[in-house]
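Data block below; observations after.
The structure displayed is predicted, hence computed values, not measured ones. Numbered from 1 within each chain, the chains take letters A, B, ... in sequence-line order.
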Amino acid sequence: MTAMNSVISKSGPVQQKIHGQADRPLLVVDALSKLYAPGKGFSEVSFDLYPGEVLGIVGESGSGKSTLLQALSGRLKPDAGSVLYRGTVKGDQGDQMNDLYGMPESERRRLLRTEWGVVHQHPMDGLRPRVSAGGNIGERLMAKGLSHYGSIREQALRWLSDVEIDQGRVDDMPTTFSGGMQQRLQIARNLVTHPQLIFMDEPTGGLDVSVQARLLDLLRRLVNELNLSVIIVTHDLAVARLLADRLMVMKQSRVVESGLTDQVLDDPQHPYTQLLVSSVLQN
Amino acid sequence: METMLRASEVSKRFVLHNQGGVELPVLTQASFSVNQGECLVLNGRSGSGKSTLLRALYGNYLVDSGRIEVQADGYWLDIASATPRAILQLRRNTIGWVSQFLRAIPRVSALDVVMQPLLDVGGDAKQAKRKAQQLLERLNVPSHLWALAPATFSGGEQQRVNIARGFVLDYPVLLLDEPTASLDSTNASAVVELIDQAKQRGAAVVGIFHDSQVREQVADRLYDLSTQDATVQG
């Protein structure tokens, strides 16, 4: 044992090095809090999110995970703490961190229409019921300044087939679609502007199991191909395992454990995470 | 040969909070190192912590104390204290993992499952495909299955798809969790051949092998978890 130690001390301190060019965070969250009542909301949440990284937030309903997602995506002003985002906010080249709640509301809304996307659990919350499927996709392109009808329609058609919806349905209203199709349409609507960051709230929550698998596989493929950064809220640990690089476990407004996804699920440390993991039926 | 991986005084216990807070000590001050081109086999009776130790080397299990250092591109990184991001990077480029269980993803073909690690490090799709096909062939996975999702394959076929995936990239460090368990002798010797080749190109290998014949074929040294001694094989 002592021989071993001497070998190690000779090599000097352990150095950590992260390779690749994506070595600066896209989002830096520091001590973010929003409490409606003690244990209601979220408290003291901090993390960094890097380009191409998928962060899962798991926990039971009422743990504050959806509220947290709203605050992270600029839709709910927190009581304390900050969310810094590195993006192309007005005037800079996407090189500096901008305080999400320090910028004008119009700027946050612009981010949500262009560089960010939000996939809601109930697809109709994120779609326009009285606009055709193609129009739902094209609307985000128009928000980004595109005006050529032919090119918008062409992109809408391509995205329909990318999310496995028959192109022949382009002029149909989303209200005539099945739940699974609506969810895929919502995803296409979000991805058409090539966002950097996507927020998802239980994206497979309302779907039948057979439809879930297809949607999950689609999401996994798109996240890989487009190198998206994603923050996904889910209570389904299988969904978390399939999509997330790392996890935060929430209970009663606090993050009780976080780490690499497979480590948190295979070697949970906190009593609550152990309970969560052991409650899943094995198959 | 150069050291690639070293564990120093690694200890771990499981605390079962929802079962009366029972504490199960599994690893006590485990220490060893593995060189390039060498295969260290973790030995010991069932329950001695072999699998826990191997998982800790991959960052899948946390440890309570000690260091697990791996050399990656000339740097030493301590897996026991590394960030999730650093561990994912290590798994992409440096440490390969082969277990007997495949976590199949719906709708992804066997060929794509095997190719993926090469594509993840920016490999050429054509070459990745060729290498994946060669490995599937060597491991006797019938070619009519390659385009199908492995979820419907037999256990043995899934296992061989998983082994092909683990060997498709020339990882500097390979962790093998009973890769030959439940394989017939033809396939087991194909795996032994792959391990030998990995050693020849300089990979540092750590493995668990219950089959004593396979163990004798691949092991350069044994690390006994019961006594925690590394002994030279043969």
Side-chain angles (χ1 to χ4, degrees), chain A residues 1-5 7-9 11-20 22-23 25 47-50 52-55 210 212-218 220-221 224 238 241-242 244-247 257-279, chain B residues 3 6-9 12 14-19 21 29-33 52 55-56 58-64 67 69-94 97 103 105-108 112 116 119-120 122 149 151 228 230:
Chain A
M1 209 96 58
T2 42
M4 190 103 207
N5 279 332
V7 170
I8 284 161
S9 57
S11 72
V14 174
Q15 298 198 47
Q16 296 216 3
K17 190 189 170 206
I18 303 201
H19 317 276
D23 55 357
F47 66 88
D48 292 351
L49 185 76
Y50 286 80
E53 203 171 32
V54 181
L55 172 70
S210 59
Q212 269 185 25
R214 181 175 184 186
L215 187 75
L216 277 174
D217 179 52
L218 179 76
R220 201 188 55 85
R221 180 172 65 76
N224 281 342
R241 195 190 275 276
L242 194 63
D245 296 316
R246 60 201 173 90
L247 289 186
E257 180 164 0
S258 65
L260 203 60
T261 297
D262 59 280
Q263 180 266 305
V264 170
L265 296 180
D266 295 341
D267 187 21
Q269 307 292 307
H270 190 275
Y272 176 67
T273 319
Q274 290 188 355
L275 185 66
L276 208 61
V277 169
S278 67
S279 306
Chain B
T3 302
R6 57 194 176 206
S8 333
E9 302 177 24
K12 176 172 181 68
F14 288 104
V15 183
L16 309 179
H17 291 287
N18 300 301
Q19 294 178 58
Q29 305 239 311
S31 297
F32 59 82
S33 64
T52 299
R55 283 164 175 265
Y58 198 52
N60 177 232
Y61 279 8
L62 295 178
V63 298
D64 300 325
R67 287 188 303 266
E69 292 163 296
V70 63
Q71 202 185 147
D73 298 337
Y75 288 83
W76 285 95
L77 185 85
D78 179 14
I79 293 173
S81 63
T83 62
R85 224 167 100 70
I87 292 175
L88 287 175
Q89 183 91 37
L90 272 181
R91 290 181 180 179
R92 203 154 32 235
N93 300 309
T94 308
W97 172 270
R103 214 177 267 282
I105 300 163
R107 302 204 306 171
V108 180
D112 285 342
Q116 197 58 49
L119 299 180
D120 286 346
Q228 299 199 341

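- Between chain A and the residues B:T52, B:D120, B:N18, B:V108, the most heavy-atom pairs under 4.5 angstrom are made by B:N18.
- Heavy atoms closer than 4.5 Å to chain A are found in both the backbone and the side chain of B:L62.
- A:L260 CG to B:L88 CG: the interatomic distance, rounded to the nearest 0.5 Å, is 5.0 Å.
- The contact between A:E53 and chain B is made entirely by side chain atoms (from C-beta outward), counting heavy-atom distances below 4.5 Å.
- Put simply, the side chain of A:Q269 never gets that close to the backbone of A:E257: no donor and acceptor are under 3.5 Å apart.
- By the ring pair (Phe, Tyr, Trp, His ring centres under 6.0 Å) test, B:Y61 pairs with B:F14, sequence neighbours left out.
- The structure places OG1 of A:T273 at 9.0 Å from NE2 of B:H17, a figure rounded to the nearest 0.5 Å.
- Using a 4.5 Å cut-off between heavy atoms, B:R91 touches chain A through its side chain atoms alone.
- Proximity to chain B is absent for every atom of A:R221, based on heavy atoms less than 4.5 angstrom apart.
- Between B:Y58 and A:Q263 there is no side-chain heavy-atom pair separated by less than 4.5 Å.
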